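Reviewing the structure listed below.
Hydrogens, waters and symmetry mates are skipped; everything else that's a heavy atom, side chains included, is used. Residue indices begin at 1 and follow the sequence shown. Bear in mind that the values here come from a model prediction, so they are computed numbers and not experimental data. Just follow the structure's listing: the first ligand is 1, and inside any ligand the first atom is 1.
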Amino acid sequence: MTQLAVVKKAVAFINKKTKNFQPEIALITGSGLAGSIPALTQKITLPYTSIPGFLRSTVPGHTGNLIFGKYKGRNIVVMQGRFHYYEGHPMKDLAISIRTLKMLGVQKLLVSAAVGSMDMKLKPGSLCVLKDHINFMCNNPLIGNHDPAFGPMFFDLTEAYDKTLRKTALAAAKKAKINAGEGVYLAVTGPNFETPSEIQMFKRWGATVVGMSVVPEVLTARQCGIQVLGLTWVTNMGCGISKTPLSHEETIRETKKIEGKFKDLLEILFVKL
Ligand code: HPA
């Protein structure tokens, strides 16, 4: 089956379950951030496992649900739990969920994630609004996965992270009293954290934060014309800058501290974007 056929099947299933609910804004929640989702009305929850063709999330802290609902009149869909390359999913398959969102009507995608920071101004608990990325995964979900139904094969990334959305996000962060700045996301495959030498190299390359997701989602979204806002939360300083060894438990623990602040931010953004 082509990916277009897989996506169409997922969309048909979802539309039947939601009675053709058309989400405008999509949110992807990263590690441990599932508790930040603002209270939606007319909520419909579809487990990933129930949706034909959808992947399954295998990481602790990543619940797998597609949640539809309204927030103050805006139509929202949340991907509660995401798919990572390091789980062993073929890179191409990471495009399925994003292309499904596009076909459901999504115009704006908020990608959230936990990150390690290489910027002393962005300590744990800070928000880094992405202004660009460096793809060091050395792979891409669009390779060998072209279908004109999802946009052109060659497309521009001058402003992959929408300038207006970034401005709105920084103003909202200020209002919610969150320490925030803009930065460049460096994508690695994981699952290991980086070495101290890698972190120093990434810093010299101009990266601000490092993580194991975001980029495949953003590339897929930009190809099909979805506007993107990258909201990343610093859970630790990068390896070698951090005084303690890194762990997934630390990531989860630190994101739990951020949950409330992130919810405040999303409540502003769901209305303002
Ligand atoms: N590196 C990669 N991914 C991460 C980190 C990190 O330091 N922290 C949270 N996600």
Would you mind reporting whether Phe13 and Lys9 have side-chain heavy atoms less than 4.5 Å apart? no

Starting from Ile268, walk the hydrophobic network (Ile, Leu, Val, Met, Phe, Trp, Tyr; side-chain heavy atoms closer than 4.5 Å) and list everyone else you reach, by chain and number. none

I would like to know whether Lys256 and Glu259 meet salt bridge (charged side-chain N to carboxylate O under 4.0 Å, His left out); could you show each step before the answer? CA-CA 5 Å; Lys256 284 287 156 226; Glu259 240 172 22; 2.9 Å; yes

Indicate whether any N or O donor in one side chain lies under 3.5 Å from an N or O acceptor in the other, for Gln3 and Asn145. yes

So do the side chains of Glu217 and Met79 get within less than 4.5 Å of each other, counting heavy atoms only? no

Could you pull out every N or O of ligand 1 that sits under 3.5 Å from a protein N or O, with the distance for each pair?
residue	atom	partner	partner atom	Å
ligand 1	1 (N)	Glu194	OE1	2.8
ligand 1	1 (N)	Glu194	OE2	3.2
ligand 1	7 (O)	Asn236	ND2	2.9
ligand 1	8 (N)	Gly116	N	3.3
ligand 1	8 (N)	Asn236	OD1	2.7
ligand 1	10 (N)	Ala114	O	3.4

Decide yes or no for Ile96 and Phe83: does some side-chain heavy atom of the first lie under 4.5 Å from some side-chain heavy atom of the second? no

